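Being a predicted model, the structure only gives us computed values, none of them experimental. Letters A, B, ... mirror the listed sequences (proteins, then strands); counts begin at 1.
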Amino acid sequence: MGVMRIGHASLKVMDMGAAVKHYTEVLGMKVTMEDKAGNVYLKCWDEWDRYSLILTPSDQAGMNHVAYKCEKDSDLDDFKKRIEAHGIKVAELAEGALPATGRMLQFKLPSGQEMRLFAQKEYVGTEVGTTNPDPWPDNITGAGAHWVDHCLLMCELNPETGVNTVADNVAFFKDVLDFHLVEQVLVGPGGAIQAAAFLACTNKPHDIAFVGAPTSGLHHVSFFLDSWHDVLKAADVMAKKKVKIDVAPTRHGITRGETIYFFDPSGNRNETFAGLGYLSMRDRPVTTWTEDKLWSGIFYHTGEATPSFTDVYT
Amino acid sequence: MFDFRPKVQVTIDQTGESYPCAIGESLLQGMLRLGRKGIPVGCVNGGCGVCKVKILAGSTETLGPVSRAHVTAEEEGQGYTLACRVGPSCELRLEVAGKMSKPFFKGYDAQATPPATIK
């Protein structure tokens, strides 16, 4: 079946102690592993693989790579051929290049960020297990995020020079990785410029998103919550923990998601995201947002610009 | 109002505006607390770089790490830093060096373009 879902994100942090405190006490993740290089691995309570987030010590913020999990090991051989046929160089990393993880394909997206594909990661189980499970465990802390849901990458877009790596990424994800386009933002004369795109490999509204920007980078890593009430409670947790909230609880027009945006202690943006507003079946017609309704797509209630949301990223 | 912490005056060179910043809080937090504007506000955690400033006069104390992607060691030597990561140790004057850029709607948001045709 190919790519199943996001597997993990690897983030650079400038203060490991503060970062671990944030991802455990605010998001509710658990540390599952540390390596000799000082990298810390974490997972959410409802995830079954060993980790979904890697924190690496650095002198700056940002993303090292994002990895997606394939169903079968043989998918990696198929994708290696298809990615190379698309004109992108692929390196193969042996099993163990990341602990508890099988072999990986490593390559650069058209927008420049590093992406990896893997098929094997150590199974450790969810906090509630698989036999007669309770709906939630008793040891939830903070927001109690269920899983790492998706990421949004800022992608170089310069209409004057004709560079649009949003569109380049969309072509790559559709043609090579078999994702489907779910929603998009079209701007410019006649709506000729695909300025943002939301794609899925599952039936969720998105598994990855791309937004045009002067330079490429990480906009956010998103964590799934069950309901609007969980989003409100997550904001309470953030207030208690003095987390810098970028956008207080609201709803997106795009994806219909209920959301909060906030920053980790190194300035990497996080989202808590609830409400799978619809199932993005592969034959669902693509939703398009036009330039004049762009901000309604982003923040549905106000429909007004929040410049920090589009201009601030790592 | 009702904030009796010792404060010093921080002046933004480009606008001539100034605000009282408490000792121990960041230059950016001091501005935010008063609902004032002048220094661009981003992640407030040292990572995004939009609150980059140059200290022209006075001295600061470091409150946390500053991303090397936005302030190089050389720039740091010239007085550049991020306003969210330093607090004032005395009255000071700064110049705003960071900026918000308009990303994907640059050059288009002001145009009265008709809505895109959905194919």
Side-chain angles (χ1 to χ4, degrees), chain A residues 12-15 18 22 58-62 154-160 164 166 184-196 211-215 217 243-246 262-269 285-295 305 307-308 310-314, chain B residues 24-26 28-33 37-52 62-76 80-86 96 98-119:
Chain A
K12 291 182 261 197
V13 300
M14 298 186 288
D15 179 338
H22 172 83
S58 178
D59 62 0
Q60 54 191 261
M154 296 306 259
C155 303
E156 189 184 350
L157 169 61
N158 186 341
E160 285 163 20
N164 185 355
V166 172
Q184 63 181 344
V185 175
L186 298 181
V187 302
I193 298 167
Q194 189 175 39
V211 172
T215 54
V243 172
K244 171 61 182 170
I245 292 180
D246 184 30
F262 53 103
F263 294 103
D264 83 3
S266 296
N268 295 304
R269 192 187 274 97
V286 175
T287 299
T288 296
W289 296 83
T290 56
E291 193 174 320
D292 54 322
K293 296 292 182 195
L294 169 65
W295 282 101
S308 67
T310 46
D311 297 7
V312 174
Y313 55 96
T314 54
Chain B
E25 75 178 347
S26 75
L28 194 65
Q29 204 58 49
M31 184 194 82
L32 277 172
R33 179 174 49 75
K37 291 185 164 59
I39 306 171
V41 181
C43 72
V44 195
N45 282 324
C48 77
V50 304
C51 67
K52 190 172 179 177
T62 302
L63 302 175
V66 167
S67 170
R68 273 285 175 249
H70 297 291
V71 181
T72 63
E74 189 188 350
E75 286 177 321
E76 194 176 319
Y80 286 97
T81 187
L82 299 182
C84 68
R85 302 276 84 174
V86 296
V96 174
K99 64 174 189 295
M100 295 274 200
S101 52
K102 300 272 185 212
F104 57 84
F105 47 89
K106 185 178 186 180
Y108 293 101
D109 52 341
Q111 292 176 13
T113 45
T117 309
I118 298 160
K119 297 182 184 81

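- Scanning all heavy atoms of the two residues, the minimum distance from A/V312 to B/V41 falls at CG2-O, 4.1 Å.
- Atoms NE2 and CD, from B/H70 and A/Q60 in turn, are 7.5 Å apart once rounded to the nearest 0.5 Å.
- Of the atoms belonging to A/D59, heavy atoms from both backbone and side chain fall under 4.5 Å from chain B.
- Looking at every heavy atom in both residues, A/D311 comes nearest to B/V50 through O-CG1, 4.3 Å.
- Across every non-hydrogen atom of A/G267 and B/N45, the tightest pair is N-CB, 3.5 Å.
- Using a 4.5 Å cut-off between heavy atoms, B/V71 does not touch chain A at all.
- In this structure, A/A61 and B/S67 approach most closely via the heavy-atom pair N-OG, 4.0 Å.
- Taking B/T72 as the reference, B/E74, B/E75 meet the side-chain contact (heavy atoms from CB on, under 4.5 Å) condition, with sequence neighbours excluded.
- For the atom pair NZ of A/K244 and CD of B/Q29, the computed distance is 7.0 Å after rounding to the nearest 0.5 Å.
- For chain A, the option among B/G49, B/G46, B/C84, B/P65 with the highest count of heavy-atom pairs below 4.5 Å is B/P65.
- For the atom pair SG (B/C43) and CZ (A/R269), the distance works out to 9.0 Å, reported to the nearest 0.5 Å.
- Interface residue A/D264: only backbone heavy atoms are found under 4.5 Å from chain B.
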